[in-house]
Peer 1: 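Submitted below is the structure of interest, expressed as structure tokens.
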Amino acid sequence: MCGIVGYVGKQQASTVVVDGLRRLEYRGYDSAGVAIVANGAIETRKKAGKLTNLEAEIIQTPLTPSHTAIGHTRWATHGAPNDVNAHPHVSEDGTIAVIHNGIIENFAYLRDELLASGVTLRSETDTEIVAHLLAAQMPASGNLADALRAVCQRLTGAFTLVAVQADTPDLVVAARRNSPLVVGRGNGENFLASDVAAFIAHTRQAIELGQDQIVEITPTSIVVTDFFGQPVDVTEYEVTWDASAAEKNGYDLFMLKEIAEQPKAVADTLIGRIDTDGKVKLDGLNLSDEYLQGIDKIIITACGTAYNSGLIAKYAIEHWTRVPCEVELASEFRYRDPILDASTLVIAISQSGETMDTLMAMRYAREQGAKVLAICNSNGSTIPRESDSVIYTIAGPEVAVASTKAFLTQIVACYLFAMYLAQVRGTAYGQPNEQIALELGRMSAKVDLVLDTSEGVRAIAKEFVNSPSVLFIGRSVGFPVALEGALKLKELAYMHAEGFAAGELKHGPIALLEDGVPVFVIVPPLGDELHDKIVSNIQEVRARGARTIVLAEEGDESINEFAHHIIRLPKCPALLQPLVSVVPLQVFACEMATVKGFDVDQPRNLAKSVTVE
Ligand code: F6R
């Protein structure tokens with residue numbers, strides 16, 4: 001959700017902040033704003049719509065030069081996305097400006113208190129009340145950091161708050177509870193942001209703030225305390241990627257770049273994790289063999305695309321390890337009273353590591369005594385920090401809102417864990433680990449090969465641009481691939497799209513079929529026990545007028561007479577096929593949205609990092 005940037009230092013602060021916001025725009029993009037401190041006063045500019053509107057506003061009405069600024073891109077929760085509700089929000093006396101990510105749950109109570117004391121509210125946001133509470137607190141506290149400490153103790157919910165004050169140039173103060181905040185340590189300048197991407201062009205030295213902490217940055221100091229002013233230890237780390245990794249590098253869209261990066265992301269996620277003898281080693285796993293031998297259930301919890309990767313992982317985990325595995329939407333998990341104990345391992349999958357539903361689910365699991373393994377793409381983010389164990393996916397920064405390369409690497413990371421578990425428990429059921437390791441090692445090249453089908457897939461997208469809906473069917477691991485294909489199409493092309501287990505068609509969804517409806521069919525490899533069953537499903541849908549787009553491995557001629565279009569997949573074992581079969585579906589959704597003229601990287605109503613429940 002919302003992107004936050006703060007800066008103090010020698011550069012033109014508003015420029016640094018707007019550049020940072022550009023890199024965070026994926027987090028939310030329905031309005032944007034900045035505040036600067038100059039000549040003992042606060043100046044703000046804010047605009048509804050994308051960041052370009054704010055940039056135009058700043059060109060039209062330039063800000064006074066300043067070395068201290070905060071900025072925000074918004075994903076609206078309280079109040080419509082308009083100029084007034086855009087952040088920053090300023091206190092009535094104009095001395096304090098605040099930006100916020102999260103939801104203040106006791107907002108209504110605090111608003112009524114402020115109204116009763118005579119304050120006039122200008123916006124519908126929960127954020128504005130913090131500006132007024134801070135102004136009211138200043139006489140008692142005497143400085144901005146102490147005032148923020150006092151105010152934070154009154155707030156419930158999730159928040160990252162960043163504030164500046166007119167009388168104290170060269171100081172930005174921030175607080176964090178349940179929403180992300182990182183500090184960037186520069187040379188004679190310091191940064192605050194929701195994500196390191198905002199300041200990576202200036203410094204790679206980062207500090208992740210913990211829960212209920214306050215940070216004060218000046219050009220030469222970073223002071224971190226808890227909400228009561230007690231100093232806390234912080235861990236500083238170096239970001240391993242550079243600014244160019246978060247650029248488009250010649251591609252028209254981040255999504256196209258990220259689709260193309262998938263072979264590398266798969267290879268990078270495997271590097272150093274499989275020995276020459278096929279043994280898996282997972283540094284940092286931090287779960288003893290004894291513990292892993294004792295677990296009797298695995299629950300995977302995640303949202304959206306990460307959830308779909310978990311659905312695929314379940315097949316491999318149960319097949320290779322014989323440990324029962326459930327997959328649960330994180331937003332549902334803790335509300336259904338799940339049965340968990342010390343012998344349950346919960347796997348929380350998250351690209352961002354900040355998804356609130358997943359974070360709350362894993363916290364709940366830990367409270368119940370279960371251990372949590374995070375599978376995550378964002379170093380130092382909250383989910384891995386609060387987990388017992390972590391396997392990082394090495395996809396590099398994923399900027400397009402629709403997840404692509406993270407999905408493939410989530411599958412790879414889950415498979416590595418499944419192989420490791422099989423190794424530790426001595427269960428390598430089905431296939432020996434060495435053979436799986438060999439096949440997994442070949443997948444990067446196969447993902448590269450399937451990218452060669454992209455031109456043909458784009459042509460298919462153009463053919464169906466006027467279809468009112470698109471269906472996707474698959475069996476076994478092809479079923480979650482169908483769900484993922486439908487999810488991509490919904491979020492990017494705003495089309496009705498559904499994924500079904502092919503065997504379920506005749507139990508209801510087949511009624512949706514009529515002349516010309518495009519149906520994608522994911523066919524397992526030749527020889528798989530489900531292969532012939534899905535060939536029958538293709539015939540069933542074709543007989544009812546559907547246009548069939550069949551994804552089948554090279555050399556599978558059995559589908560030729562039933563397919564209107566064929567997309568060829570490189571040969572690979574059935575369990576690994578999702579790594580190639582999902583790629584044409586990503587390309588299809590991307591092209592469909594492009595042809596329809598939609599913003600592929602920033603689809604409407606969405607945000608990359610969903611930090612509210
Ligand atoms: C879809 C998409 C979302 C995310 C979901 C979880 O393309 O990107 O469905 O997968 O919001 O996000 P993370 O993985 O950051 O927890």
Side-chain angles (χ1 to χ4, degrees), residues 1 3 24 26-28 75 178-180 194-195 197 253-255 258-259 262 265 300-313 327-333 346-363 372-387 390-393 395-411 413-414 480-481 483-494 497 499 582-583 585-590 592-593 598-613:
M1 304 274 130
L24 295 188
Y26 67 87
R27 298 181 72 88
W75 186 88
N178 286 336
S179 287
S194 320
D195 179 332
L253 301 169
F254 276 111
M255 185 173 179
E258 288 161 11
I259 288 173
Q262 293 184 112
I300 298 177
T301 188
C303 303
T305 288
Y307 169 76
N308 289 340
S309 79
L311 290 175
I312 292 169
V327 190
E328 182 96 21
L329 286 167
S331 52
E332 293 290 321
F333 177 67
V346 171
I347 303 180
I349 307 176
S350 175
Q351 186 285 130
S352 61
E354 300 292 351
T355 300
M356 186 57 81
D357 287 314
T358 310
L359 178 63
M360 289 303 176
M362 60 151 282
R363 281 188 186 160
V372 175
L373 161 65
I375 293 197
C376 185
N377 196 42
S378 308
N379 224 294
S381 57
T382 310
I383 289 173
R385 276 163 61 96
E386 293 195 15
S387 294
V390 57
I391 302 175
Y392 281 109
T393 51
E398 195 181 61
V399 177
V401 164
S403 190
T404 52
K405 58 179 180 168
F407 179 68
L408 263 66
T409 57
Q410 284 159 354
I411 299 169
C414 287
V481 171
L483 294 177
E484 177 61 10
L487 176 60
K488 289 282 98 87
L489 199 58
K490 282 180 229 186
E491 68 179 319
L492 295 174
Y494 318 147
V582 77
V583 176
L585 307 186
Q586 299 166 340
V587 173
F588 180 81
C590 183
M592 187 64 93
F598 298 144
D599 186 335
V600 172
D601 285 337
Q602 296 177 346
R604 70 182 181 204
N605 302 336
L606 291 172
K608 182 77 182 156
S609 186
V610 186
T611 54
V612 292
E613 261 191 285

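One is the number of the first residue; the rest follow in order along the sequence. Each ligand, and each atom within it, is numbered from 1 in the order the structure gives. It should be emphasised that the depicted structure is a prediction, and the values quoted were computed from it without experimental measurement.
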Peer 1: Ignoring hydrogens, just give me the one of A402, A406, C303, S378 whose non-hydrogen atom is nearest atom 6 (C) of ligand 1.
Peer 2: C303
Peer 1: Does F407 offer a backbone N or O that forms a donor-acceptor pair with the side chain of Q351 under 3.5 Å?
Peer 2: no
Peer 1: S403 pairs by side-chain hydrogen bond (donor to acceptor under 3.5 Å, both in side chains) with which of Q410, E398, Q586?
Peer 2: E398
Peer 1: Which residue and non-hydrogen atom of the protein lie closest to atom 11 (O) of ligand 1, and at what distance in Å?
Peer 2: V610 CG2, 4.1 Å
Peer 1: Looking at every non-hydrogen atom in both residues, tell me the closest pair between G485 and L585 and how far apart they are.
Peer 2: CA-CD1, 3.8 Å
Peer 1: Is L606 near ligand 1, meaning one of its heavy atoms is under 4.0 Å from it?
Peer 2: no
Peer 1: Side chain of E484, backbone of N308: donor and acceptor closer than 3.5 Å?
Peer 2: no
Peer 1: Strictly distance-based, threshold 3.5 Å: is any side-chain N or O of Y494 a donor or acceptor partner for the main-chain N or O of R604?
Peer 2: yes
Peer 1: Does the side chain of K488 come under 3.5 Å of the side chain of T305 through a donor N or O and an acceptor N or O?
Peer 2: yes
Peer 1: Just by distance, do the side chain of N377 and the backbone of P397 share a donor-acceptor pair under 3.5 Å?
Peer 2: no
Peer 1: Once you restrict to heavy atoms under 4.0 Å, what part of K488 touches ligand 1? Side chain, backbone, both or neither.
Peer 2: side chain
Peer 1: Any idea which atoms of ligand 1 are less than 4.0 Å away from a heavy-atom of Q351?
Peer 2: 13 (P), 14 (O), 15 (O), 16 (O)
Peer 1: If you count the atoms of ligand 1 from 1 in the order shown, which ones are under 4.0 Å from a heavy atom of S350?
Peer 2: 13 (P), 14 (O), 15 (O), 16 (O)
Peer 1: Just which atoms of ligand 1 are under 4.0 Å from any heavy atom in E491?
Peer 2: 1 (C), 7 (O)
Peer 1: Going by heavy-atom distance to atom 12 (O) of ligand 1, choose the closest among T393, T305, T355.
Peer 2: T355
Peer 1: Within the 4.0 Å heavy-atom shell around A306, which atoms of ligand 1 are there?
Peer 2: 10 (O), 14 (O)
Peer 1: Check ligand 1 against S352 and write out every atom of the ligand that is under 4.0 Å from a heavy-atom position of the residue.
Peer 2: 13 (P), 15 (O), 16 (O)
